[in-house]
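This report refers to the structure that appears directly beneath it.
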Number of protein chains: 2
Amino acid sequence: MTAIASANAVAEIAALIGDPARANILSALMTGRALAAGELACAAGVSPQTTSGHLAKLTEARLLSVEQQGRHRYYRLASPDIARAVEALMTVAAAGVPRHRPAGPKDEALRTARSCYDHIAGRLGVALAASLCRNGRILLADGAGAITEDGWRFFAAFGIDPGADPRSRRPLCRPCLDWSERRPHLAGRLGLALLSRSLELGWVVPVSDSRALRITGAGHRGFVGRFGLSPDWPQGREGAQEF
Amino acid sequence: MTAIASANAVAEIAALIGDPARANILSALMTGRALAAGELACAAGVSPQTTSGHLAKLTEARLLSVEQQGRHRYYRLASPDIARAVEALMTVAAAGVPRHRPAGPKDEALRTARSCYDHIAGRLGVALAASLCRNGRILLADGAGAITEDGWRFFAAFGIDPGADPRSRRPLCRPCLDWSERRPHLAGRLGLALLSRSLELGWVVPVSDSRALRITGAGHRGFVGRFGLSPDWPQGREGAQEF
DNA sequence: GGGATGTTTCGGCCGCGGCCGAAACATTGG
DNA sequence: CCAATGTTTCGGCCGCGGCCGAAACATCCC
């Protein structure tokens, strides 16, 4: 019973995510960074021993991978698929709460720019994707994407080569629906490379204890100058009509 | 703490999906079609009253929408986002369990032939639909179906008249995606009539405490002789190319 | 070695929630 | 109005699983 078995498998995965403590753990790992068990216990808001049980389950189910370093054990999301699934659930959850606009400053920071697993999300991520698309650097279709000839030159000039490490089975360039903006941002190896390079250049810096990214002055100038984002960004809804 | 709030919202959604019965319901609705509560009970494998509770929860959480038609209540996925989330979970589930083919005898019986609500599903149901289609008794399109002139004569000769009781609002003939085969079988009043008549003729008998149907010797001869199923059925994948 | 720190295992408590039978409610058709 | 059918509500049972305290490991540092 293929479909039934698959539905039950879905239920298993969803049930794992469907516990507040575990959802907090996964959420904390959405940055793509690895965190130690103790940090995750803090993030989850439950005791270390309870967290240990949760981590064992998540690892057993291959949602997390773990590596030991001394007396610490560092956990991270086992694959981008996991991040994508959690993000999809966030989209649904966000849609389910249509008007809930307290929107504290922290929330606003997350909406402006954040890391999603290993790439850039939030208004910055969406604006970059839209701008790259508009300028013919990439093509984004429903669930797939590609880099144009011009795009390859552009990215090389920016100092990244998403084609490197061709052994990787990860898609080169694919859209990922942004839960706060409900429009696509860039994932895949290109998304990864863009985030790494932006961090390297100091265009964005991670906000501690958060997935939020702070855009520096240099970053603002860079995104506007090189990527063609409008100067009054991030207030405007850059390319809001693109999709 | 926005991040925690959002994680809890994710947990809520995931917990809803994380019950086998509800996952089956969502899975059954992944085609995008609306299904009645009773059909979903059949799909979920639990009683109608239990299903009712699940449907209420899913609807309350805006995962499903419902519309009433007479004494039926038709449920469908509330948005494509929901389907995307379920699909993302399926991706994770599929990746997490690369090979897992136990397929016990009970499972095999269900795959061979079972009742779905009030019509025949499983390999038998799919083979019948394919054969009827191939021989020009019926036409099946994406979400609708029809009986041909020849088909009416054929079904009358078989001893059923799906046109009787024209007041019924149920569709006469419509395809229903089979979970185990992933290809359509026959539902609607024609599907109902086919199952009733097959039971009447003793071609199939219900297996107690199961949705499985056992195909009798007479049934095997009948399905082969009258409906043109290949004699080595149900081993072969009758008309596997039809759709 | 010994003590501090990080992590897991064990054991037991407890409540949430899924399940079904019975029955009520709703709609349709006769 | 009554009977049949589809759906929901109610009530009660029961087990799964999350939680924590205590304690056992594991590792590091002195």
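Bear in mind the structure is a predicted one, so any value in this text is a computation, not a measurement. Just so we're on the same page: letters track the sequence lines, and every chain starts at 1. For the numbers below, each heavy atom of this structure counts, side chains included, while hydrogens, waters and symmetry mates do not.
Separating the CG atom of B:Leu40 from the P atom of D:dG6 is a distance of 14 Å, rounded to the nearest angstrom. Following rounding to the nearest Å, B:Asn24 (CG) and C:dC19 (P) show an atom-to-atom distance of 10 Å. The distance from atom CZ of B:Arg22 to atom C1' of C:dC16 is 12 Å, rounded to the nearest whole Å. Atom NE2 of A:His54 is separated from atom C1' of C:dT9 by 15 Å (rounded to the nearest Å). Between B:Leu55 atom CG and D:dT9 atom P there is a gap of 11 Å when expressed in whole angstrom units. Taking atom CD on B:Gln68 and atom C1' on C:dT27, their separation rounds to 8 Å, with Å as the unit. Going from atom CD of A:Glu67 over to atom C1' of D:dT27 covers 17 Å, rounded to whole Å. The distance between atom CZ of B:Arg73 and atom C1' of C:dC25, rounded to the nearest whole Å, is 12 Å.
In this view, B:Arg226 satisfies the salt bridge (Lys or Arg N to Asp or Glu O under 4.0 Å) rule with no residue, not counting sequence neighbours. Taking the ring pair (Phe, Tyr, Trp, His ring centres under 6.0 Å) definition, one finds that B:Phe158 meets it with B:Trp203, B:Phe227, sequence neighbours left out. For the side-chain contact (heavy atoms from CB on, under 4.5 Å) test, no residue two or more places apart in sequence or in another chain qualifies with A:Glu12. Residues passing the salt bridge (Lys or Arg N to Asp or Glu O under 4.0 Å) test with B:Arg137, sequence neighbours excluded: B:Asp150. With sequence neighbours excluded, no residue satisfies side-chain contact (heavy atoms from CB on, under 4.5 Å) with B:Ala15. With sequence neighbours left out, B:Glu200 forms a salt bridge (Lys or Arg N to Asp or Glu O under 4.0 Å) with B:Arg197.
Listed by first and then second residue, the side chain to side chain donor-acceptor pair (under 3.5 Å) pairs involving residues 45-59 of chain B are B:Arg22-B:His54, B:Ser47-B:Gln49, B:Ser47-B:Thr50 (not counting sequence neighbours).
Nearest to the side-chain atoms of A:Lys57 among the listed nucleotides C:dG18, D:dG17, C:dT8 stands D:dG17.
In the helix from C:dG1-D:dC30 to C:dG30-D:dC1, the end axes, each obtained as the rotation axis mapping the C1' atoms of four pairs onto the next four within a five-pair block, lie 30° apart to the nearest 10 degrees.
When all heavy atoms of B:Arg134 and B:Gly228 are compared, the closest pair comes out as NH2-O, 3.6 Å.
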Problem set entry | Base-contact (B) and sugar-phosphate-only (S) positions in nucleotides 20-25 of chain D, heavy-atom cut-off under 4.0 Å, - elsewhere | BBB---
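A:Tyr74 comes within 4.0 angstrom of no nucleic acid atom, judged by non-hydrogen atoms across all strands. Contacts of A:Ala36 with the nucleic acid, taken as non-hydrogen atoms under 4.0 Å apart, involve only primed sugar atoms and P, OP1 or OP2.
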